[in-house]
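In what follows, a single structure is set out as structure tokens and then discussed.
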Number of protein chains: 2
Amino acid sequence: MSMDEVAKKAGVSTATVSRVMNGSRSVKASTRARVEAIISQEGYTANRLARNLRTAESRLLITMVPDFSNPFYAEIVKGIDAVARRHGYHLLLCDTGASLTEERTYFDMLRTHLADGAICLDPVSTQRELASENSLLQWVACCEFDPKGSVPYVGIDNAKAARDAVKYLVERGRRRIAFINSDERFLYARQRKVGYMTALSEAGLTPYDGAIVKTDGLTFDDGRRVAKRLLASAIKPDAIFAVSDTLAIGAMQAVHELGLRVPQDVAVIGFDNIPLATMVQPALTTIAQPMFRLGENAANLLLERMRDPSTPALGTLLDHELVIRNSA
Amino acid sequence: MSMDEVAKKAGVSTATVSRVMNGSRSVKASTRARVEAIISQEGYTANRLARNLRTAESRLLITMVPDFSNPFYAEIVKGIDAVARRHGYHLLLCDTGASLTEERTYFDMLRTHLADGAICLDPVSTQRELASENSLLQWVACCEFDPKGSVPYVGIDNAKAARDAVKYLVERGRRRIAFINSDERFLYARQRKVGYMTALSEAGLTPYDGAIVKTDGLTFDDGRRVAKRLLASAIKPDAIFAVSDTLAIGAMQAVHELGLRVPQDVAVIGFDNIPLATMVQPALTTIAQPMFRLGENAANLLLERMRDPSTPALGTLLDHELVIRNSA
DNA sequence: TTGAAAGCGCTAACAT
DNA sequence: ATGTTAGCGCTTTCAA
């Protein structure tokens, strides 16, 4: 059923029906009542495709996530969703698999007006590729960002956070501190490595031979695998710092499987403070990111820029926190 | 830039540009080349709002999830996404919080042609409310479904699966088997309870006093909390069957905190086989659901019904599997 | 093989 | 306070 038919039944013009639907003040009470009666009686809802075409907005926001089976992103998305909803927007959530091609597809949805704005959580390396070709589109970066780029962002100071974690290990007397990093296409991976190096050099240390390892993914099993390698080499670590909790938990598992104890033999620190961190044995010491608030901030930033595109494209860094539990 | 401008630049009509964009065969090769040159040179992409309005389809599929921080749903969504993508659809993912009001919002998006179809993972109790008012819309249920309803669905036989789990415990000599259930608005909760009762009665047992407990949520902490209650009562369980892995892992944690051993003192079985199940100590025995395939099937079912609405609205049950590890 | 023209269902400027 | 009308940018029949 279209607006035309509603108008006909109510004996008014489509313009009046439109006014009623959009809450325009300039409709006589009796007319409004008559129209509303028809609307609810017929269960009429406006065709949003038509409305969107006409008003050139869709009230849809895209959120690009590299992998939504990673629990870390869930909280961020909830923060985004909360803000979006509060402003009458809905979320088009996309698992890009960190792939450039997929990203392009979603940017196309912006370009073709299927969505009004986007929040990108994908690796900064892909973001850089996309920045120039999508400079006219409304989008912001969250967690992953190019500090020198022109895309507004919200994140944390990864280098400082990693430094805090490693500094803590040093203060507890650890000297052979291994570092499990992930894909360095991600800014956080590169920055956290910097923080790791900084903390060591501030303590007059250097990474021992073979202290730094890399994984492709972020699964528990990735963590377990590389930790086993770490624990099987000539020089054995007395502490492991992993760039994500999932990796850290995998590493703890590996330590246990080799008959060693956490933290006595090997201390372990993770990053993210996912819900699970409190549930493993021993509970995981980690760096907490304000995930929900990261999402909220990103959404607010985007909405603000959409409202007023001349808003300066600034970057915001939120605070992290070292959460000390029992694994280190 | 609109199609009009492309047409003007190429010296053809919009109809021809449209034909080129949609790969119509009836365009002279030289004309096509000329138009395509302009398109790529200008970086033109069609306004999908306009196209959607005209063709009355959006190529968007809604997926309603009660809570996407639950890792269980992530795999299902990936299955849905894979199929959707293969057929040129994109996913509008929604966290409804299992709320009826939210659900209604998303069904409205179907009604208003913002999306072409929906897959609902929300509790069957809310689905029932929605079934009649949305009987004309294209949607299917996944995991949660009304076996007697008219909405097509894909799921597993929860009662049978739960029975398998509890039967296994009985066969291993357990007698005081506790049951941690969650919100009984969910079909799976009710069906699994049936399975639990069936297995016991088949073994000539009845639940001991206080054997059955309920939680509101599905977090680790919910599991830990109720397990503590269970282990503090007069009669202590020698086994715990939880309706989800997250609850089971929380329960294991509680057992450990009380200085008891899993499985020697208390065996624990979960449900879902989330990735984490292999990473906890001891590794969790659980019922595996084919999550990815559940998602794939649901999406295929939906697409089929959209293609041919006369396709019978049938229900499919996929197989589960008891995965034996070390916790029971 | 191509173009002209109608129209998808709505909003908003303008007129009354 | 209400109606008329012109489009938003596309697809698609119909005619040439």
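Per chain, numbering begins at 1; letters A, B, ... match sequence-line order.
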Minimum-distance nucleotide (side-chain atoms of [X] versus [options]):
| X | options | result |
| --- | --- | --- |
| A:Ala46 | C:dC10, D:dT2, D:dT11 | C:dC10 |
| A:Asn47 | D:dT12, C:dA12, C:dC10 | C:dC10 |
| A:Thr55 | D:dT12, C:dT11, D:dT2 | C:dT11 |
| B:Lys28 | C:dG9, C:dT1, D:dT11 | C:dT1 |
| A:Ser18 | C:dT1, D:dT4, C:dT11 | C:dT11 |

For a quick test of reading the model: is some side-chain N or O of [X] closer than 4.0 Å to OP1 or OP2 of [N]?
| X | N | result |
| --- | --- | --- |
| A:Ser2 | C:dG9 | no |
| A:Asn22 | C:dT11 | yes |
| A:Tyr44 | C:dC10 | yes |
| A:Thr16 | D:dG3 | yes |
| A:Thr31 | D:dT2 | yes |

> How do B:Leu53 and B:Gly11 order along DNA chain C: which one's closest nucleotide is nearer the 5' end?
Replying inline: B:Gly11
> Quick one: on DNA chain C, does B:Arg19 or A:Arg54 contact a more 5' nucleotide (nearest heavy atom)?
Replying inline: B:Arg19
> side chain to side chain contact (heavy atoms under 4.5 Å, CB included) with B:Val65: which of B:Val77, B:Ile76, B:Asp95?
Replying inline: B:Val77
>> Quick test of your reading of the model: are B:Lys9 and B:Asp4 salt-bridged, counting only N-O distances below 4.0 Å?
In response: no
> With the threshold set at 4.0 Å, does a side-chain nitrogen-carboxylate oxygen contact exist between B:Arg111 and B:Asp108?
Replying inline: yes
> With no hydrogens and no angle check, do the side chains of B:Ser69 and B:Asp67 hold a donor and an acceptor under 3.5 Å apart?
Replying inline: yes
Could you tell me how far apart [X] ([atom1]) and [N] ([atom2]) are, to the nearest whole angstrom?
| X | N | atom1 | atom2 | value |
| --- | --- | --- | --- | --- |
| B:Met1 | D:dG9 | CE | P | 12 Å |
| A:Leu49 | C:dG7 | CG | C1' | 15 Å |
| A:Met21 | C:dA12 | CE | C1' | 16 Å |

> Quick one: OH on B:Tyr44 to OG1 on A:Thr112, what's the gap to the nearest 0.5 Å?
Replying inline: 10.0 Å
